Amino acid sequence: MSGIEVARLDCGGHHFAPHFHDEFVLGVNLRGHERIRLDRKALEAGEGEITLYNPGQVQSSQPVSSEWQFLSLYVDPAFLSDAFDLSPETVFDRPILKHNDAAFRMKSAIAHALDTDITETEALERLMQTLDDLLVLAGSRRPGVSRHVPPALQRVADRLTSLTPMPTLAELAAEVDLTPVQLVRAFTRTYGLPPFAWASNCRLNVARVRMERGENIAYAAADLGFADQAHLTRRFRAQYGVPPGRWRKG
């Protein structure tokens, strides 16, 4: 569906290293319990609890239990602001939501959307109701705080996402008159990840979109600067919990 995606994942034993998404990622745990690091804060989410992550928030998680299954919504920020007439800077300000009724409706709506016998319009209607629930309950209708990015670091970010041959850390630092150590410190403070970890995350986000379009995995890997298909597969699985081929098949 344009602007919104749904997924069901079984990630027992899988650890998600620090990463971020370009979309809002809203999840509900079906089974299991997870420990989360979100913007350097320690959190926990149990069975039936909802997690709400904003675009660009650096997160990591690991299961506490042997089983860990969850449903997720990936929501494009433009879709959310247009559909609900919100400020483009609207954010969710409660990362963990404990609300049995909302969790039940969210699980039902996503399961409904994954049912191949219903139309996209029917699925979208139920998902919109769930999003409206979460917007009200998570207190997200107020504008978030804009992040100030120094021009030098913005140039670094632009360079890292340009899909040109990747510079070395020394070359990147020299381009903005910083030492490598200064660059890593400043970039991590602003973006939440060191420069090359952040760049890899950006390319994996692009890879996910291209997998959804059905693109060839080997071609996408080469085009996005990964060493080969196996390299992309390892990094993709680490970030999304499943290999790109499985994501590509839906």
Side-chain angles (χ1 to χ4, degrees), residues 1-9 16 19-30 38 50-59 70-95 97 99 102-147 157 161 163 198 201-215 220 223-224 236 239-242 244 246-250:
M1 291 168 284
S2 178
I4 185 167
E5 304 163 29
V6 294
R8 178 188 176 115
L9 296 170
F16 289 91
H19 66 284
F20 64 90
H21 295 273
D22 295 329
E23 309 91 350
F24 292 97
V25 181
L26 317 174
V28 59
N29 283 334
L30 298 176
L38 183 68
I50 297 169
T51 54
L52 305 153
Y53 304 141
N54 298 305
Q57 280 191 299
V58 175
Q59 63 189 84
F70 58 92
L71 299 169
S72 290
L73 288 174
Y74 297 83
V75 185
D76 185 278
F79 172 87
L80 195 70
S81 60
D82 290 346
F84 292 93
D85 194 24
L86 300 174
S87 162
E89 294 182 347
T90 295
V91 296
F92 289 97
D93 58 7
R94 294 173 60 185
L97 182 61
H99 194 288
F104 176 80
R105 289 192 294 269
M106 183 175 181
K107 287 186 282 188
S108 177
I110 296 176
H112 192 66
L114 291 169
D115 186 340
T116 56
D117 289 332
I118 67 165
T119 67
E120 181 176 312
T121 300
E122 291 173 312
L124 187 58
E125 182 179 60
R126 294 278 291 275
L127 293 171
M128 294 280 279
Q129 290 175 324
T130 287
L131 289 173
D132 197 40
D133 275 351
L134 298 179
L135 285 165
V136 172
L137 292 168
S140 59
R141 293 187 182 273
R142 59 187 178 81
V145 178
S146 297
R147 176 179 62 189
T161 54
L163 297 185
W198 181 87
N201 198 141
C202 289
R203 295 185 184 207
L204 286 167
N205 288 345
V206 174
R208 179 175 65 83
V209 173
R210 292 174 70 160
M211 291 305 98
E212 290 158 8
R213 294 174 182 163
E215 289 193 20
D223 194 45
L224 293 172
F236 195 99
Q239 182 153 316
Y240 293 108
V242 295
R246 181 175 168 190
W247 198 284
R248 184 173 177 266
K249 292 176 182 176

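What you see is a predicted model, and the numbers here were worked out from it, not measured in a lab.
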Does [X] reach the side chain of [Y], with side-chain heavy atoms less than 4.5 Å apart?
| X | Y | value |
| --- | --- | --- |
| Asn54 | Phe24 | yes |
| Phe20 | Trp198 | yes |
| Leu204 | Arg208 | no |
| Ile4 | Leu131 | yes |
| Thr130 | Ile110 | no |
| Tyr74 | His21 | yes |
| Leu80 | Leu135 | yes |
| Leu26 | Met106 | yes |

Tell me whether [X] contacts the main-chain N or O of [Y] through its side chain, where contact means a donor paired with an acceptor under 3.5 Å.
| X | Y | value |
| --- | --- | --- |
| His19 | Gln59 | yes |
| Arg203 | Leu224 | yes |
| Arg105 | Gln129 | no |
| Arg8 | Leu71 | no |

Residues Asn205 and Gln239: side-chain donor-acceptor under 3.5 angstrom: yes

Salt bridge (Lys or Arg N to Asp or Glu O under 4.0 Å) assessment of Glu122 paired with Arg126: CA-CA 7 Å; Glu122 291 173 312; Arg126 294 278 291 275; over 6 Å; no

To the nearest 0.5 Å, how far apart are [atom1] in [X] and [atom2] in [Y]?
| X | Y | atom1 | atom2 | value |
| --- | --- | --- | --- | --- |
| Glu5 | Trp247 | CD | CH2 | 7.0 Å |
| Leu9 | Arg246 | CG | CZ | 6.5 Å |
| Ile50 | His99 | CD1 | NE2 | 8.5 Å |

